[in-house]
Amino acid sequence: MHASPHAMDAEADTLFSPRLLRRLTIGIGALACLTLAISIGGRKLGEHIALAGHTEDRSVVNVLIGQDLLRLPANAIRFEEQRTSGPTDRIDLYLTWPEMEGYTESNRARFNDVTRPESLIFLQLSQSTMSRDMSGRVEPIYSHLFEGPPAKGPGGLTLRRLKENAGYEQEVLLTARLPDGSDYAVRCIVPERADASTSADCQRDIHIGNDLSLLYRFSSRLLPQWQAMEQSLRTFASAHLVKSAAAAAGRPDDKNETETFNQ
């Protein structure tokens, strides 16, 4: 038995009632908003993953470590949680070599390419815990741990092996005389193959400022450039240390200094 035309019209009215159409419209709108949110969120997440914790922000971060005040660009500070002005125990930096610059869009590949460890130098600034830096420890400490005759190292350095039971594992000490007559010393694990080098093969610490220790790590591929690196790092540190005695002691000597520190 066939339904009458009136019955079919009534059924159609029920299926496509204004209430149902409103629900469909709201659902489609919500789905479109969700799709847009996922698209934007995915793009933001992709950008965040691509940055991998880096930032292109060059704004100044004022860091007080002990009695030393440093003004550092945010894009040179390695960890996001350290990009805040105020007192701290230490600050970690990374810089391109030889430009001595922080992260930018143009040098992004150099910060993410592990096959080019010689592209970056890693720095750590903290309050000094020892009265002597690495150069000052050569004679009273390291010289008693030397084993075997000296050997010729890269860039005019002298390589000295350390006793196996000295606690330095496979590290060697490389030394030289700086132009001002002072000693240069760096500890390294020199890989047998150049392609096995890492960004932390070598480490050296120096005293700067009032009471700061600057520890820097770099690839052993950069050893031939040790003199240029030493000079560049000292110049970088000097350029970012506040000279004012009042500011270095954490007592800004004018309103502008106070505002700068509290940014």
Side-chain angles (χ1 to χ4, degrees), residues 52-54 63 65 70 72-73 75-83 88-103 107 109-130 132-138 141-142 153-155 157 159-160 162 166-176 178 183-209 212-238 240-241:
H54 309 309
V63 178
I65 303 177
L70 298 121
L72 301 162
N75 69 330
I77 299 175
R78 187 178 176 190
F79 301 117
E80 184 176 357
E81 63 271 17
Q82 293 182 340
R83 298 174 192 141
T88 187
D89 294 329
R90 80 175 202 195
I91 192 82
D92 295 274
L93 310 175
Y94 48 5
L95 301 167
T96 58
W97 175 257
E99 300 86 356
M100 301 296 286
E101 294 179 350
Y103 178 88
N107 65 27
R110 297 171 65 180
F111 279 81
N112 297 324
D113 188 354
V114 296
T115 66
R116 297 177 58 195
E118 71 278 9
S119 293
L120 300 177
I121 300 175
F122 294 86
L123 293 69
Q124 185 181 101
L125 288 152
S126 60
Q127 198 164 7
S128 298
T129 57
M130 293 181 284
R132 300 172 184 265
D133 60 13
M134 189 170 288
S135 292
R137 298 195 297 272
V138 173
I141 297 176
Y142 295 127
L157 292 166
L159 186 150
R160 300 302 304 259
L162 302 172
Y168 294 101
E169 299 182 358
Q170 299 176 344
E171 286 184 298
V172 297
L173 188 76
L174 297 112
T175 62
L178 288 164
D183 290 323
Y184 173 89
V186 60
R187 293 204 325 261
C188 296
I189 297 178
V190 182
E192 294 182 4
R193 303 187 330 272
D195 61 0
S197 175
T198 73
S199 58
D201 293 337
C202 300
Q203 70 172 41
R204 169 169 164 77
D205 61 85
I206 58 176
H207 284 170
I208 61 170
L212 278 180
S213 175
L214 168 57
L215 171 70
Y216 63 92
R217 297 182 174 90
F218 58 94
S219 167
S220 56
R221 297 181 191 178
L222 295 178
L223 281 171
Q225 304 177 55
W226 65 271
Q227 293 187 69
M229 195 185 316
E230 178 80 2
Q231 183 59 51
S232 294
L233 283 162
R234 288 185 180 275
T235 299
F236 177 88
S238 177
H240 293 86
L241 270 166

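Quantities reported herein were computed from a predicted structural model and do not represent experimental measurements.
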Undergrad: For residues 198-208, which residue pairs pass the salt bridge (Lys or Arg N to Asp or Glu O under 4.0 Å) check, not counting sequence neighbours?
TA: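 Only Arg137-Asp205, Arg204-Glu230 qualify under salt bridge (Lys or Arg N to Asp or Glu O under 4.0 Å).
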Undergrad: Is there a side chain to side chain contact (heavy atoms under 4.5 Å, CB included) between Trp226 and Leu174? Walk through the geometry before answering.
TA: CA-CA 10 Å; Trp226 65 271; Leu174 297 112; over 6 Å; no
Undergrad: Testing the basics here: between Ile65 and Asp89, what is the closest heavy-atom pair and its distance to 0.1 Å?
TA: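 For Ile65 and Asp89, the tightest heavy-atom pair comes out as CG2-O, 3.7 Å.
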Undergrad: So, do Ser220 and Leu223 sit near enough that their side-chain heavy atoms are less than 4.5 Å apart?
TA: yes
Undergrad: Quick one: does Leu233's side chain get under 4.5 Å of Ile208's, heavy atoms only?
TA: no
Undergrad: To the closest 0.5 Å, what do you measure between CG (Leu70) and NE2 (His240)?
TA: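 It is 9.0 Å, given to the nearest 0.5 Å.
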Undergrad: Quick one: are Ile121 and Met229 in side-chain contact, heavy atoms under 4.5 Å?
TA: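 Touching, per the 4.5 Å side-chain cut-off.
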Undergrad: Once you measure the plane-to-plane angle for Tyr94 and His54, does it fall in the parallel (<30°), tilted (30-60°) or perpendicular (>60°) bin?
TA: tilted
Undergrad: Mark yes or no for whether Ser213, through its side chain, and Ser126, through its backbone, hold a donor-acceptor pair below 3.5 Å.
TA: no
Undergrad: For a quick test of reading the model, state the closest non-hydrogen atom pair linking Arg110 to Trp97 and the distance between them.
TA: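 What the structure gives for the nearest pair is NH2-O, 2.7 Å.
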Undergrad: Is atom CD of Gln170 surrounded by more than 12 heavy atoms (other residues, nucleotides or ligands) closer than 6.0 Å?
TA: no
Undergrad: Looking just at side-chain N and O atoms, do Arg187 and Tyr142 make a donor-acceptor pair shorter than 3.5 Å?
TA: yes
Undergrad: Can you name the closest pair of heavy atoms from Pro117 and Thr198 and give their distance?
TA: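 What the structure gives for the nearest pair is CB-C, 3.5 Å.
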Undergrad: Does the side chain to side chain contact (heavy atoms under 4.5 Å, CB included) test come out yes or no for Ser197 and Glu118, once each step is laid out?
TA: CA-CA 9 Å; Ser197 175; Glu118 71 278 9; over 6 Å; no
Undergrad: Testing the basics here: between Arg217 and Ala200, what is the closest heavy-atom pair and its distance to 0.1 Å?
TA: CD-CB, 4.1 Å
Undergrad: Answer whether the closest heavy-atom distance between the side chains of Thr96 and Phe111 falls below 4.5 Å.
TA: yes
Undergrad: Between atom CZ of Arg83 and atom CD1 of Ile91, what is the distance when rounded to the nearest 0.5 Å?
TA: 9.0 Å
Undergrad: Under the side-chain contact (heavy atoms from CB on, under 4.5 Å) test against Phe218, which residue among Leu123, Leu120, Val186 passes?
TA: Val186
Undergrad: Is it the case that the side chain of Asp195 and the backbone of Thr115 share a donor-acceptor pair, with hydrogens and angles ignored and the cut-off at 3.5 Å?
TA: no
Undergrad: Check Phe236 against Leu93 and note the closest heavy-atom contact, atom names and distance.
TA: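 Of all heavy-atom pairs spanning Phe236 and Leu93, the closest is CE2-CD1, 3.9 Å.
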Undergrad: Is His207 reaching over with its side chain to a backbone N or O of Met130, donor-acceptor style, under 3.5 angstrom?
TA: yes
Undergrad: Given Asp92 and Phe122, is the side chain to side chain contact (heavy atoms under 4.5 Å, CB included) satisfied, shown in steps?
TA: CA-CA 8 Å; Asp92 295 274; Phe122 294 86; over 6 Å; no
Undergrad: Give the minimum heavy-atom separation between Asn107 and Glu101, together with the two atoms involved.
TA: ND2-OE1, 4.3 Å
Undergrad: Look up atom CG in Leu178 and atom CZ in Arg234, then write down how far apart they are to the nearest 0.5 Å.
TA: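 It is 7.0 Å, given to the nearest 0.5 Å.
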Undergrad: Given side chains that start at C-beta, do those of Thr175 and Asp183 come closer than 4.5 Å, heavy atoms only?
TA: no
Undergrad: Checking Arg90 side chain against Gln124 main chain: does a donor-acceptor pair fall under 3.5 Å?
TA: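 Looks like no, no N/O pair under 3.5 Å.
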Undergrad: Out of curiosity, Cys202 SG to Glu171 CD, how far, rounded to the nearest 0.5 Å?
TA: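 Rounded to the nearest 0.5 Å, the SG-CD separation comes to 9.0 Å.
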Undergrad: Please test Leu212 against Leu214 for side chain to side chain contact (heavy atoms under 4.5 Å, CB included), starting from the C-alpha separation and ending with a verdict.
TA: CA-CA 6 Å; Leu212 278 180; Leu214 168 57; over 6 Å; no
Undergrad: Could you tell me whether Glu169 atom CD has more than 12 heavy atoms of other residues or ligands within 6.0 Å of it?
TA: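 No.
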